[in-house]
Each structure stands twice: as C-alpha cells, then as structure tokens.
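The analysis underlying the following values was restricted to heavy atoms, covering all of them including side chains, and did not include hydrogens, waters or symmetry mates. Quick caveat, the model's predicted, so the values are computed rather than measured. Chain A is the first sequence line, chain B the second, and so forth, proteins listed ahead of strands; every chain is numbered from 1.
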2 protein chains.
Amino acid sequence: MISTSKVQFVPGITIWKQIVDDLQARIDSGELVENQKLPGEADLAKAYGVNRHTMRRALQELAAMGKVRIQHGRGSFVAKHVFDYELVERPRFSEWVKKYNKPGKNDILEAAILNLAELPELARIQQYGVFPEYSQVAMIKTLGRVGEEPISIARHLFFGEALLALVDDLHAGRGITESLRQHGIQDYTRMRSTISAAMSGPQERELLQVEKGEIVFVCENVNVDTSGVGIEFSTVIYPSSRVRLVYEPG
Amino acid sequence: MISTSKVQFVPGITIWKQIVDDLQARIDSGELVENQKLPGEADLAKAYGVNRHTMRRALQELAAMGKVRIQHGRGSFVAKHVFDYELVERPRFSEWVKKYNKPGKNDILEAAILNLAELPELARIQQYGVFPEYSQVAMIKTLGRVGEEPISIARHLFFGEALLALVDDLHAGRGITESLRQHGIQDYTRMRSTISAAMSGPQERELLQVEKGEIVFVCENVNVDTSGVGIEFSTVIYPSSRVRLVYEPG
DNA sequence: TTCCATTTGTTCGTATGTATA
DNA sequence: TTATACATACGAACAAATGGA
C-alpha cells in the first residue's frame with residue numbers, strides 16, 4: 001500500500017499534477033518497483049483524499065508518460081524501465097551504459113572461428129562491398145546487460161587476420177573497443193544499421209528473459225575502420241519491451 | 001509450375017549458384033510475383049534435374065538474400081519487397097519515394113484543430129521543451145503509399161498560429177513540405193526520433209492491409225525549424241513486414 | 001480433439017573432383 | 001605418387017511443423 005501521509009496539496013497547481021509528481025518521484029526513487037501492482041483507483045483516490053476522477057486523470061497522465069501501464073479489468077502497474085539506445089556514429093556499449101548509472105556487462109556466450117563460406121548471412125555481408133574476402137572470421141556471441149537486466153544479444157563477426165585472436169582475447173573480459181585497439185584498430189565507426197522487428201524465438205526469450213509473444217528489434221550493423229574497410233558485421237537483438245531506439249541527428 | 005527448359009548447367013560454377021541466379025532473375029523480372037508459392041523442394045529438384053540437397057542449398061541462399069521466405073511445413077514463397085526507410089536529418093516523403101520509381105501518395109484520413117490540453121501524448125511532447133505552448137494545434141492523419149502499397153499511417157501535430165490553416169490547406173493535395181513553405185516555414189529538420197515496436201491493432205491492420213499478428217514500428221518524431229523551435233510532432237506507424245528502418249551516419 | 005497428407009528440417013551414408021602436404 | 005582434407009553432389013530415411021478432414 002502507498003502511504004500518502006506527507007502529501008499536502010498546494011494551491012495554484014492542479015491536484016492531479018501534484019499526484020503525478022508524487023507518484024513519479026516514488027517510481028524514480030525505487031520505492032515502487034517495476035511491475036508492482038498499484039492499488040485500485042478507488043483505493044488510491046481514498047489514500048490521496050481526492051475524487052476518483054482526479055486520481056484517474058493523474059494515472060492517465062502517468063500512462064501517457066510511460067511510467068505506469070493500465071490494464072482494463074486488471075489494474076495499474078509500474079511500467080518497466082525502457083532504455084533509450086541511440087543510433088550514433090561511434091556506438092560504444094560501455095560509454096552508453098554510463099548514462100544509466102548502472103554497471104554494464106557483456107557476457108561471452110560463444111566464441112569461435114568460422115569459415116566465411118558457411119555463414120548464413122554471407123549474401124547480405126558481401127553486398128556492402130566493404131568487407132575483405134578473408135576465408136575465416138571471428139564470431140563472438142554476447143549477452144549485454146545493464147545492471148542485472150539483459151538488454152541485447154549480439155552476434156559479432158570480425159574480419160581480418162589479426163582479429164581472429166579476439167576469440168581468445170575477449171574471454172579475458174575486456175570490452176570490444178579495448179580489445180580491437182590492442183589489435184591495431186584505433187577507431188571504428190558505424191557505416192550502416194538496418195532495423196527490423198520480429199517475434200521473439202525460444203532462445204531469445206530465455207536469454208533476454210521476456211515472455212512469449214514479445215517483440216524484438218533485429219539490427220544489422222556494419223562497422224568500418226577509419227579508411228572505410230569493413231571490420232565488423234554484427235546482428236544485435238533487443239527486446240522492444242525494454243529498449244527503444246533513438247535517432248538524433250547532429 | 002516453373003519451366004526449366006532453358007536451364008543448362010555450365011561446368012566450373014557450382015550448380016546451386018546457377019539455380020540461385022536463375023530463380024533470382026525470374027523474381028526480378030516479375031515472372032514470379034510476391035507471395036507466390038514455389039513448388040516444393042522435391043518438385044523443384046526434379047524440375048532442375050538435381051538432388052534435393054542441391055536445391056535446398058540454392059533456396060537457403062535465396063532466403064539469406066531476402067528473395068524468398070521459407071516456412072517449415074508450408075513451403076517456400078517469393079518474398080515481399082521491403083522498403084528501406086532512411087533516418088535522415090531532412091526527411092521528405094516525396095524525395096524518398098523517388099528511389100523506388102513508383103508514384104508516392106499521402107492520403108488525408110482526418111484533419112482537425114485540437115486543444116493541446118486534450119492530447120494524450122502531451123506529456124511526451126512537453127518534455128522536449130522545444131514546442132511553444134499554443135492552446136491549439138493542427139492534427140492531420142495521413143496514409144502514405146508507394147505505388148498501391150500502404151506504407152505508413154502518420155498522425156501529425158503542427159504547432160504555431162499560422163499552421164492551423166494546414167487543416168484546410170492539405171486537403172488540396174499538396175505535400176506537407178510545400179504547404180509548410182507557404183506558411184513561412186522554409187526549412188525544417190528532424191531533432192529526434194524514437195522507435196518502438198508493437199502488435200498491429202485492428203485499425204492499423206485495415207489501413208495498412210496487414211495480417212493479424214503482424215508487427216508495426218511506432219516512430220515518434222520531433223521536427224524543428226532552422227532556429228530550433230518545434231514545428232511538428234508526429235507519430236508514424238510502419239508495417240515491419242514492408243518497411244525496414246535504416247541508419248546511415250554522415 | 002485426433003488423424004493424415006504435405007512440406008521443410010536433419011542426419012545418416014556414398015561418391016567424385018580438387019587442392020594441399 | 002600418395003595421403004589427407006574439403007567442398008560438391010546424390011540417395012534414403014526420419015523428425016518436426018503445418019493445415020485440413
């Protein structure tokens with residue numbers, strides 16, 4: 001139950017806005033946790049000492065802000081936090097995660113040297129015309145987390161003789177950017193990303209801890225070095241319930 | 001059925017590659033049309049005079065290229081054409097559609113003057129801090145097409161006294177960019193886009209002509225004028241089966 | 001609900017040509 | 001020359017998914 005002992009409404013601001021601010025603060029502070037069921041509208045109205053219509057107005061606003069999720073016939077719930085993943089020219093997982101003041105991790109699920117000819121995505125890789133025709137690539141599959149929340153499954157393919165060593169290197173727990181630097185890649189940039197959507201498969205559901213029927217983003221990324229030569233082709237899967245993609249030019 | 005009378009395999013190139021080229025040419029030429037079911041693997045193999053494994057290898061390749069779609073237990077189908085919608089600083093529907101050599105249309109579904117206070121997305125609009133606090137906005141709902149294919153449902157909100165006239169103007173059938181120019185907006189750019197995904201609702205299914213269970217992209221866009229003042233907030237829905245979003249920096 | 005035909009997915013085995021040590 | 005490895009191609013059988021009766 002929610003204690004409203006300290007909430008005293010001030011005149012001049014609409015009451016529903018003050019309730020919005022109060023509930024928002026409780027959610028942001030962690031007092032109310034994700035997916036927690038809020039009391040019914042009638043109970044909430046009573047607790048705040050307002051009419052149910054006033055309470056509803058506040059809940060509608062919180063729903064529009066994405067802070068709560070209202071389900072007809074079930075109740076209101078604290079919405080899951082959604083991470084904004086920005087599409088930028090220099091995507092660096094470790095830099096991005098700092099925004100959220102939580103520890104970021106990239107667990108290695110799998111690492112192997114693969115023959116280029118056996119890759120199912122070979123046709124799409126070749127069409128960009130930036131990847132040298134090595135016979136082998138380093139494949140590394142990772143699970144990205146922010147705090148304890150799984151946020152991405154990535155399948156990285158690294159092109160270049162020197163980068164085959166990444167298969168052993170990354171086991172050591174270093175970040176990708178740092179490991180690339182140790183193999184002569186001082187800088188790399190995003191050349192292109194394509195964004196599709198799909199239903200989550202059983203493997204994704206297990207790794208990303210999402211329910212059946214949830215939607216995932218499927219991003220195919222091409223990264224190149226400073227001279228425009230292809231370094232990495234990655235396929236990254238994000239749960240759309242926890243990640244929103246953001247484009248901000250300039 | 002597919003006639004293979006002309007297909008003679010030449011030595012030096014693997015048979016499955018020659019089959020890929022043959023089928024790709026038939027798809028690109030229009031002989032095989034979108035969503036058309038191909039004969040079963042066994043029948044195709046027989047028609048080409050090869051083993052089922054060889055036929056499968058070719059089909060796998062075509063699937064990886066996005067030319068066909070293979071469904072376990074159902075068969076193989078000629079894949080739908082997917083439009084690449086690029087995230088750019090100056091998005092202009094009429095410019096983009098030229099890429100596909102098809103006529104682009106933007107039908108007006110609805111146009112009205114709305115009170116700002118009544119908008120469900122008000123909270124999200126205000127958080128950007130770029131939109132002036134007008135009491136009214138022009139709301140225009142459009143259905144975008146490329147050729148005859150519905151490609152987007154957009155709900156545009158235009159901010160500014162002068163832009164309220166757009167509600168009547170756009171009925172005339174002009175493009176948005178042109179109409180904005182006539183009301184003093186010479187140029188506008190994308191400040192931010194957020195990309196989410198959702199299951200298609202009944203209204204979207206009817207307008208976009210997609211099946212139940214298909215996924216849509218939901219993009220919220222903020223457009224500003226040259227001095228950074230908010231001009232337009234739009235929510236655009238794309239069917240993920242026909243549209244892929246693309247980010248290309250630089 | 002169960003049963004069945006169709007179709008793709010997977011795994012055996014066999015044979016052949018080519019490149020490499 | 002011989003031996004090995006590998007990709008290609010063919011053959012057969014069974015597993016798994018789908019849709020209709």
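One can place CD1 of B:Ile19 at 12 Å from C1' of D:dT8, the figure rounded to the nearest angstrom. In this structure, B:Met55 atom CE and C:dG9 atom P are separated by 12 Å, rounded to whole Å. As rounded to whole Å, 17 Å separates atom P of D:dA7 from atom CD1 of B:Ile15. Per the geometry, CZ belonging to B:Phe77 stands 12 Å off C1' belonging to C:dT6, to the nearest Å. The interatomic distance linking B:Arg52 (CZ) with D:dA9 (C1') rounds to 15 Å, in whole Å. Computed from coordinates, the B:Leu62 CG to C:dT8 C1' distance equals 16 Å when rounded to whole Å. If you measure from atom NZ of B:Lys46 to atom P of C:dT6, you get 14 Å, rounded to the nearest angstrom. In this structure, CG of B:Leu59 is placed 8 Å from P of C:dT8, rounded to the nearest angstrom.
In this structure, A:Ile215 and B:Met199 approach most closely via the heavy-atom pair CD1-N, 3.6 Å.
Taking every side-chain heavy atom of B:Thr14 into account, D:dA9 is the closest of C:dT10, D:dA9, D:dG11. For B:Glu41, the side-chain atoms get nearest to C:dT8 when compared with the rest of D:dA9, D:dA12, C:dT8. Taking the side chain of B:Trp16 as heavy atoms from C-beta on, and the options D:dG11, C:dG9, D:dA9, the nearest nucleotide is D:dA9.
As judged by a 4.0 angstrom heavy-atom cut-off over every strand, B:Ile70 is placed among residues touching the sugar-phosphate backbone only.
Residue B:Thr54 has no polar side-chain atom (N or O) positioned under 4.0 Å from OP1 or OP2 of D:dT8. Remark: B:Gln60 is in phosphate contact with C:dG9, judged by side-chain N or O atoms under 4.0 Å from OP1 or OP2. For B:Asn51 and D:dG11, the shortest distance from a side-chain N or O to OP1 or OP2 is below 4.0 Å.
From B:Lys105, atom NZ reaches atom CD1 of B:Ile151 across 12.5 Å, with rounding to the nearest 0.5 Å.
The pair B:Lys99-B:Glu86 counts as a salt bridge, with a side-chain nitrogen and a carboxylate oxygen less than 4.0 angstrom apart. Electrostatic pairing of B:Arg90 and B:Glu95 does not count as a salt bridge here, judged by no charged N lying under 4.0 Å from a carboxylate O. The pair B:Arg26-B:Asp22 meets the salt-bridge criterion, with a side-chain N (NZ, NE, NH1 or NH2) lying under 4.0 Å from an Asp/Glu carboxylate O.
In terms of position on DNA chain C, the residue among B:His53 and B:Gly40 whose nearest nucleotide sits closer to the 5' end is B:Gly40.
Stacking of A:Arg92 on the aromatic ring of A:Tyr188 is recorded, both the 6.0 Å distance cut-off and the 45° axial limit being met.
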Could you list all N or O pairs between the protein and nucleotides 17-21 of chain D that sit under 3.5 Å apart?
{"from": "D:dA17", "atom 1": "O4'", "to": "B:His72", "atom 2": "NE2", "distance (Å)": "3.4"}
{"from": "D:dG19", "atom 1": "OP1", "to": "B:Arg74", "atom 2": "NH1", "distance (Å)": "3.3"}

For the pair A:Lys80 and A:Glu149, evaluate salt bridge (charged side-chain N to carboxylate O under 4.0 Å, His left out) and give the outcome as yes or no after the intermediate values.
CA-CA 11 Å; A:Lys80 279 193 204 168; A:Glu149 276 187 277; over 6 Å; no

